[in-house]
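A short write-up of the structure that comes next.
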Amino acid sequence: MTAHGAGTRALRVLRTGPLTTVQDLGRPGRGALGIGRSGAADRAAHRLANALVGNPPDAATLEVTLGGLVVEADGALDVAVAGARCPGAPHLTPVHLPAGARLDLGVPPAGLRTYVAVRGGVDVTPVLGSRATDLLSGIGPPVVAAGDRLPVGARRGPFPGVDVAPVAEPAAGEVTVVVLPGPRPEVLDPAGWDVLTGSAWTVGADSNRIGVRLEGTALALARRTGAEPPSEGMLRGAVQVPPSGHPVVFLADHPVTGGYPVPGYVRDADVDRCAQVRPGQRLRFRYATGRSG
């Protein structure tokens, strides 16, 4: 990967695990141009990792899926890890890595995505104002690979005086999230809503940064006119129902538009929790009529 700044400090990537990408808070406000926002799938964990090393929330971190990342400090670095807890690595606390020291993330027993922040931020070259890797559109820096040298930006501001952040970690068991009415609630009749909100859905193995694909009793749409519905704008958290009847919850790399109906949206505060459910885990929807928060 190419360097954006002139700093000499870096993270040398020795191993990536199943998937490691560079992420920040994405590219907001470009949907009309067909460019999705992308960014960290679990925004709260990304922000927390940055805060622990005194970075602004939009500094780029490494998003690590199911652990397995090993990096070596090229120069003295301060790092923090948040999200899914990985054995072998300090968690929710800032750590100083002397030059040559390694950070080795094991496979998390719960949760899916772990965020590694380095003081100064991962300073790869931004694309359209962001360092986020959008896997659907192919915009942004490439997926992190073994042998990469990831430059680290300049340290700014005071170091936070936090020893440990006492926050809840991703759940290992069944997860319940709030779903709100979407633009097409009528495509599900009362019986359909009962199935959506009364079932425990199983997270599919084909889930990714685009969406959480759910398996269970197929939803039957209440209205079928025979005509294809018009494509509509999509947002993170949309619960889309494709012809299979198995809902998909859109995550960070979702398409900008979609032609399948969206009866509901996951409350924004719960979308980060959806990003941490792993294949085989159970997910339930709890219906609410309030505004997303």
Side-chain angles (χ1 to χ4, degrees), residues 1-4 10-28 30 35-50 53 55 57-72 79-84 86 89 103-108 111-118 120-153 170 205-213 236 250-256 271-272 274-279:
M1 290 190 179
T2 56
H4 178 244
L11 286 168
R12 291 190 181 278
V13 180
L14 305 181
R15 196 173 68 208
T16 64
L19 176 67
T20 296
T21 59
V22 179
Q23 297 295 340
D24 56 18
L25 295 180
R27 303 174 181 84
R30 298 176 185 270
I35 299 171
R37 175 159 184 161
S38 187
D42 182 346
R43 298 155 294 180
H46 161 87
R47 291 190 182 100
L48 176 58
N50 271 328
V53 291
N55 286 343
D58 59 351
T61 63
L62 296 179
E63 180 181 278
V64 186
T65 303
L66 274 180
L69 176 75
V70 181
V71 292
E72 182 177 276
V79 302
V81 177
C86 293
L103 186 68
D104 187 340
L105 276 61
V107 178
L112 187 61
R113 295 182 168 96
T114 304
Y115 293 83
V116 178
V118 55
V122 178
D123 197 27
V124 297
T125 302
V127 178
L128 297 176
S130 168
R131 296 179 173 87
T133 301
D134 186 333
L135 296 179
L136 181 64
S137 68
I139 296 175
V143 171
V144 174
D148 282 350
R149 181 180 185 275
L150 305 175
V152 174
D206 54 350
S207 298
N208 51 29
R209 278 180 47 84
I210 297 169
V212 178
R213 302 177 191 280
R236 187 186 305 225
F250 279 155
L251 297 181
D253 288 354
H254 65 84
V256 176
V271 178
D272 289 350
C274 292
Q276 290 290 1
V277 294
R278 52 203 293 175

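Here the structure is a predicted model, which is why all the values come from computation and not from measurement.
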* To do: Decide side-chain contact (heavy atoms from CB on, under 4.5 Å) for Leu62 and Val22; before the verdict, give the C-alpha distance in whole Å, the side-chain angles of both, and the deciding distance to 0.1 Å.
  => CA-CA 5 Å; Leu62 296 179; Val22 179; 3.9 Å; yes

Residues two or more places apart in sequence or in another chain: which of them pass side chain to side chain donor-acceptor pair (under 3.5 Å) with [X]?
X      : answer
Thr114 : none
Arg12  : Asp74
Arg47  : none

* **Side-chain donor or acceptor of Asp148 paired with backbone N/O of Leu150 under 3.5 Å** => no

* Asked: If only atom types and distance count, is the side chain of Arg213 paired as donor or acceptor with the main-chain N or O of Ser207 below 3.5 Å?
  -> no

Would you say [X] and [Y] make side-chain contact, with heavy atoms under 4.5 Å?
X      : Y      : answer
His46  : Leu25  : yes
Val53  : Val118 : no
Val124 : Pro151 : yes
Pro57  : Asn50  : no
Thr61  : Asn55  : no
Arg209 : Thr65  : no
Leu135 : Val143 : yes
Leu103 : Val116 : yes

* Which pairs pass salt bridge (charged side-chain N to carboxylate O under 4.0 Å, His left out) with one or both residues in residues 14-23, sequence neighbours excluded? -> Arg15-Asp104

* Would you call Arg131-Asp123 a salt bridge at under 4.0 Å N-O? -> yes

* **Full working for side-chain contact (heavy atoms from CB on, under 4.5 Å) between Glu63 and Thr133** => CA-CA 10 Å; Glu63 180 181 278; Thr133 301; over 6 Å; no

Please enumerate all residues that pass side-chain contact (heavy atoms from CB on, under 4.5 Å) together with [X], with sequence neighbours excluded.
X      : answer
Val256 : none
Ala132 : Gln23, Asp24, Arg27, Ser38, Ser130
Asp272 : Asp42, Arg43, Ala44

* With sequence neighbours left out, what residues match Arg37 under salt bridge (Lys or Arg N to Asp or Glu O under 4.0 Å)? -> none

* Could I get the full list of salt bridge (Lys or Arg N to Asp or Glu O under 4.0 Å) partners for Arg236, not counting sequence neighbours? => none

* To do: Would you mind telling me which of Leu112, Leu105, Leu19, Thr16 makes a side-chain contact (heavy atoms from CB on, under 4.5 Å) with Val64?
  => Leu105

* Asked: Taking it one step at a time, do Leu251 and Cys274 satisfy side-chain contact (heavy atoms from CB on, under 4.5 Å)?
  -> CA-CA 8 Å; Leu251 297 181; Cys274 292; 4.2 Å; yes

* Report the distance from atom CD1 of Ile139 to atom CG of Leu128, rounding to the nearest 0.5 Å. => 6.0 Å

* **Closest approach of Ala275 to Ala41 (non-hydrogen atoms, all atoms of both residues)** => CB-O, 3.4 Å

